[in-house]
K.L.:
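Here it is, the structure, as structure tokens.
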Number of protein chains: 2
Amino acid sequence: MTESNGAASHRSRLTIEDVAALARVSIKTVSRVINDEPNVKQETRDRVLEAIRRLDYRPSRVARSLASRQVFVIGLLYDNPSPYYIYNVQAGVLKACEQRGYDLLLHPTTFGNARTPEEIVTLHGQSRFDGVLLTPPLSDMEALTAALREQRVPFVLIAPGVELETDARVCTNDEAVVAEMTRHLVGLGHRRIAFVAGHPDHLAVGKRLAGFLSAMREAGLPVPAEYVAQGYNSFESGEAAARRLLGLPNPPTAIFAANDEMAAGVIKVARSLGIDLPRELSVAGFDDTPMTAQVWPALSSVRQPIARMAEMAASMLIEAAASGPVPPTRQLIPSEVVVRESTAPPARSSADH
Amino acid sequence: MTESNGAASHRSRLTIEDVAALARVSIKTVSRVINDEPNVKQETRDRVLEAIRRLDYRPSRVARSLASRQVFVIGLLYDNPSPYYIYNVQAGVLKACEQRGYDLLLHPTTFGNARTPEEIVTLHGQSRFDGVLLTPPLSDMEALTAALREQRVPFVLIAPGVELETDARVCTNDEAVVAEMTRHLVGLGHRRIAFVAGHPDHLAVGKRLAGFLSAMREAGLPVPAEYVAQGYNSFESGEAAARRLLGLPNPPTAIFAANDEMAAGVIKVARSLGIDLPRELSVAGFDDTPMTAQVWPALSSVRQPIARMAEMAASMLIEAAASGPVPPTRQLIPSEVVVRESTAPPARSSADH
DNA sequence: AGCAAAATTGACAGCGTTGTCATGAATGGG
DNA sequence: CCCATTCATGACAACGCTGTCAATTTTGCT
């Protein structure tokens with residue numbers, strides 16, 4: 001009755017000790033090889049590597065984390081904007097994570113939620129992530145960032161606006177590029193240009209309105225109060241805004257919506273009213289979603305390199321989080337205007353006298 | 001020079017021992033309370049709970065995982081279909097995870113990738129998740145499921161089709177509901193109905209075609225070969241298919257696309273050809289994405305409770321994964337036809353004589 | 001009251017790594 | 001050729017929990 005093979009059902013996990021034994025070194029040396037630490041003779045290193053290969057050994061993430069006090073996970077906090085946006089943010093973050101063997105922890109929440117700060121601090125306290133990424137509009141939630149600073153939870157913001165010098169952030173020049181799109185419309189000959197603003201909680205979108213207003217002022221064009229319609233980022237709110245704007249006694253010849261979703265709503269309403277696009281009405285959006293190609297006329301918009309921003313933010317976080325709070329940094333990633341068919345010179349009849 | 005407060009910079013992590021000391025019990029008892037284990041006197045439990053509260057103690061996930069040999073993470077494997085789909089799957093999975101304190105590990109990949117099985121097995125070997133969820137079309141990737149079975153990585157499939165009895169899966173009755181939508185079109189009086197098929201790698205979508213064909217056969221209606229256009233799930237491929245179908249000498253009066261994206265492409269092309277929708281052409285989609293409300297006429301489609309499927313699959317996985325491979329189970333979640341404005345009786349002129 | 005069974009609690013050994021520190025070997029300069 | 005460095009390696013103690021098992025107390029019956 002030998003114990004050779006037989007019903008050896010449940011051989012337990014392969015550990016660093018097995019590798020060490022096979023390579024005839026101590027476990028510490030195996031650890032050094034795994035972590036690419038210096039001071040290991042090449043010959044030894046090769047022997048260990050070979051043992052790892054032969055055994056098909058995979059170091060336990062969990063044990064590594066416990067010993068090193070790093071979890072190799074970064075959190076992503078977001079408030080359910082468009083699937084498209086989230087998808088791209090995730091793609092960028094995943095790219096940064098992948099290279100460094102990090103994992104991504106998702107944490108959707110809602111902007112107003114007063115318990116969010118506590119939740120995040122708890123997750124961090126439980127060692128469920130090393131640092132966290134905040135996307136708009138959460139990046140503007142003071143109660144949250146304050147709590148994170150106070151509890152020394154490393155974080156990086158993805159947020160428009162370049163003023164602030166506190167915290168680490170990756171930002172866009174939203175305001176400038178909105179102004180650029182506005183000048184594009186003005187350049188086409190539009191004088192009566194309306195704006196569909198985004199959700200008021202979404203500070204990022206508020207800045208878009210500011211960019212529009214300042215460009216209009218610069219161009220010496222008036223923006224009557226009724227030309228600024230409050231939207232809420234949704235397609236439906238874009239439709240509603242369009243109905244109001246186009247029902248005006250003196251309707252605009254161009255409508256600039258703070259995101260593509262609303263712009264698409266505007267287009268749908270305009271067409272249902274029999275308005276000839278883009279001859280009688282130009283429409284511009286923001287975000288450059290795939291939707292721009294799916295509406296007719298193809299929507300002029302502003303392209304933000306979402307994935308690239310997220311990747312950069314994640315990289316910053318990973319590099320810094322291991323050694324405490326992330327130092328204040330500001331990384332600007334420029335957006336760009338993409339002109340398509342939905343913006344054109346206004347028809348004579350509807351142009352200013 | 002007392003050591004009272006002063007520059008007490010770096011107090012180290014709060015551990016279960018601190019709680020035990022304050023509550024005057026052993027660490028094991030604290031552990032019992034944390035894990036809601038039985039056999040702790042109510043009074044003791046209260047005392048421990050109070051100590052936890054007072055100290056604001058949060059058990060380390062990592063230490064817990066190491067000791068219990070569970071990581072409390074489930075993986076989600078997907079091949080980049082639409083952001084909308086992914087977003088909903090994630091939402092469902094997150095819901096299931098949240099309740100049980102699990103985390104979600106994302107792993108996007110590509111259908112054909114031969115290294116995927118190895119990657120997943122490695123992640124599991126490193127204890128980066130307890131079990132994994134496969135979404136279509138990955139759920140049909142034999143090489144992958146085989147590897148997972150072989151390596152005893154717990155997994156649950158989200159996949160259409162109810163035939164197979166192996167593995168644990170959450171499935172839809174795609175085929176039946178496609179047949180139902182087809183009958184809806186037939187019932188409206190359509191005789192010449194075309195189908196835009198989905199990406200050939202996407203087995204799920206292949207089943208949709210089968211459902212269509214069988215319903216047509218049942219209705220005694222012919223489906224000439226040129227009435228089945230190959231699409232690739234994208235808006236653009238829908239446009240291309242529509243151009244082919246509508247350019248036919250004897251064009252269909254209804255087009256059923258295997259997803260909304262392609263259906264939207266069909267609508268765009270039809271309208272650009274000056275076809276009066278839905279009078280001259282009915283269009284149906286599948287997935288019931290928000291897009292259905294954004295095109296005109298509003299798209300009839302098939303609603304799949306994606307989030308609910310994902311939630312159920314995740315729940316199955318979590319319940320079972322702790323104790324080895326998931327037992328074969330089949331959970332059917334029915335889809336439903338949603339009729340909107342894009343499907344209507346065919347105009348006289350274009351109906352069959 | 002007396003005893004078996006159940007409830008409650010704690011001691012202690014892991015879990016599989018990395019960090020710290022000590023030891024011995026190799027190297028370099030005068 | 002000697003001594004001070006630097007390199008290479010290993011022993012062993014964390015890391016912060018849970019699992020196992022034994023010890024003690026309480027409970028339920030007769």
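Lettering of chains follows the sequences in order, A, B, ..., and the numbering in each one begins at 1.
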K.L.:
Can you measure F72(A) atom CZ to dT17(C) atom P for me and round it to whole angstrom units?
P.N.:
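Whole-Å distance recorded here is 13 Å.
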
K.L.:
Which whole-number value in Å describes the distance from D36(A) CG to dT18(C) C1'?
P.N.:
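That distance rounds to 15 Å.
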
K.L.:
Apply the test side chain to side chain contact (heavy atoms under 4.5 Å, CB included) to residues D103(B) and C97(B): give CA-CA distance (whole Å), side-chain angles for both, the deciding distance (0.1 Å), then the verdict.
P.N.:
CA-CA 6 Å; D103(B) 291 329; C97(B) 283; over 6 Å; no

K.L.:
Spell out, as yes or no, whether a donor-acceptor pair under 3.5 Å connects the side chain of T329(B) to the backbone of P327(B).
P.N.:
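At least one qualifying donor-acceptor pair exists.
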
K.L.:
When the nearest nucleotide of DNA chain D is assigned to Y57(B) and to N39(A) on a heavy-atom basis, which residue is associated with the more 5' position?
P.N.:
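With Y57(B) and N39(A) compared, the 5'-side residue is N39(A).
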
K.L.:
In a check of side-chain contact (heavy atoms from CB on, under 4.5 Å) between F155(B) and each of L144(B), V326(B), L148(B), L77(B), which one passes?
P.N.:
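Passing option: L148(B).
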
K.L.:
Under the salt bridge (charged side-chain N to carboxylate O under 4.0 Å, His left out) rule, what do D167(B) and R330(B) come out as? Steps first, then yes or no, please.
P.N.:
CA-CA 8 Å; D167(B) 305 329; R330(B) 182 167 54 72; over 6 Å; no

K.L.:
Atom CG of D46(B) and atom P of dT8(C): how far apart are they, to the nearest Å?
P.N.:
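The answer, rounded to whole Å, is 13 Å.
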
K.L.:
Both K41(B) and S68(B) contact DNA chain C. Taking the nearest nucleotide for each, which residue is further toward the 5' end?
P.N.:
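That would be K41(B).
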
K.L.:
Taking any heavy-atom pair under 4.0 Å as a contact, classify S65(A): base, sugar-phosphate, or nothing.
P.N.:
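Nothing, no heavy atom under 4.0 Å.
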
K.L.:
Who passes side-chain contact (heavy atoms from CB on, under 4.5 Å) against R100(B), sequence neighbours left out?
P.N.:
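Listed in chain order: A96(B), Y102(B), S315(B), I318(B), E319(B).
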
K.L.:
Please identify the 5'-most and 3'-most nucleotides of DNA chain D with any atom under 4.0 angstrom from a heavy atom of chain A.
P.N.:
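With heavy atoms of chain A under 4.0 Å away, the range is dC7(D) to dG16(D).
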
K.L.:
Report the nucleotide, chosen from dT9(C), dT18(C), dC15(C), that has the shortest atom-to-atom distance to any side-chain atom of A67(B).
P.N.:
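Nearest listed nucleotide: dC15(C).
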
K.L.:
Nearest whole Å is fine: how far is dT17(C) C1' from R58(A) CZ?
P.N.:
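After rounding, the reported distance stands at 17 Å.
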
K.L.:
Between dT8(C) atom P and R47(B) atom CZ, what is the distance in whole Å?
P.N.:
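Result: 14 Å.
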
K.L.:
Heavy atoms under 4.0 Å, any strand shown: does T44(A) hit a base, just sugar-phosphate, or nothing?
P.N.:
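Contact class for T44(A): sugar-phosphate only.
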
K.L.:
Are there over 12 heavy-atom neighbours, none belonging to E98(A), within less than 6.0 Å of that residue's CD?
P.N.:
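No.
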
K.L.:
Check the surroundings of atom CE in M141(B): do more than 12 heavy atoms from other residues, nucleotides or ligands lie under 6.0 Å from it?
P.N.:
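Above 12, so yes.
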
K.L.:
Give the C-alpha distance, both sets of side-chain angles, the deciding distance and a yes or no for side chain to side chain contact (heavy atoms under 4.5 Å, CB included) between S60(B) and R13(B).
P.N.:
CA-CA 9 Å; S60(B) 158; R13(B) 198 188 208 288; 3.7 Å; yes

K.L.:
Heavy atoms within less than 4.0 Å of DNA chain D: which residues of residues 22-31 of chain B have one? Give them sorted by number.
P.N.:
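Hits under 4.0 Å, by residue number: I27(B), K28(B), S31(B).
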
K.L.:
Whole-Å distance between dA7(C) P and E43(B) CD?
P.N.:
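To the nearest whole Å, that distance equals 18 Å.
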
K.L.:
Once you round it to whole Å, what is the distance between P of dG16(C) and CZ of R32(A)?
P.N.:
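To the nearest whole Å, that distance equals 21 Å.
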
K.L.:
Applying a 4.0 Å non-hydrogen cut-off, can you work out what P38(B) is touching in the nucleic acid: base, sugar-phosphate, or nothing?
P.N.:
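Counting heavy atoms under 4.0 Å across all strands, no contact is made by P38(B).
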
K.L.:
Could you give the CD-to-C1' distance, from Q42(B) to dT9(C), as a whole number of Å?
P.N.:
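After rounding, the reported distance stands at 16 Å.
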
K.L.:
Looking at R69(A) and dG19(C), is any side-chain donor or acceptor paired with a base atom of the opposite kind under 3.5 Å?
P.N.:
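Flag unset: no donor-acceptor pair detected.
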
K.L.:
Distance only, no hydrogens: is a donor on one side chain within 3.5 Å (strictly under) of an acceptor on the other, for S127(A) and R69(A)?
P.N.:
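There is no such pair (donor and acceptor under 3.5 Å, judged by atom type) between the side chains of S127(A) and R69(A).
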
K.L.:
Are H107(B) and E119(B) close enough that a side-chain donor and a side-chain acceptor fall under 3.5 Å?
P.N.:
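On atom types as modelled, these side chains qualify, holding a pair under 3.5 Å.
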
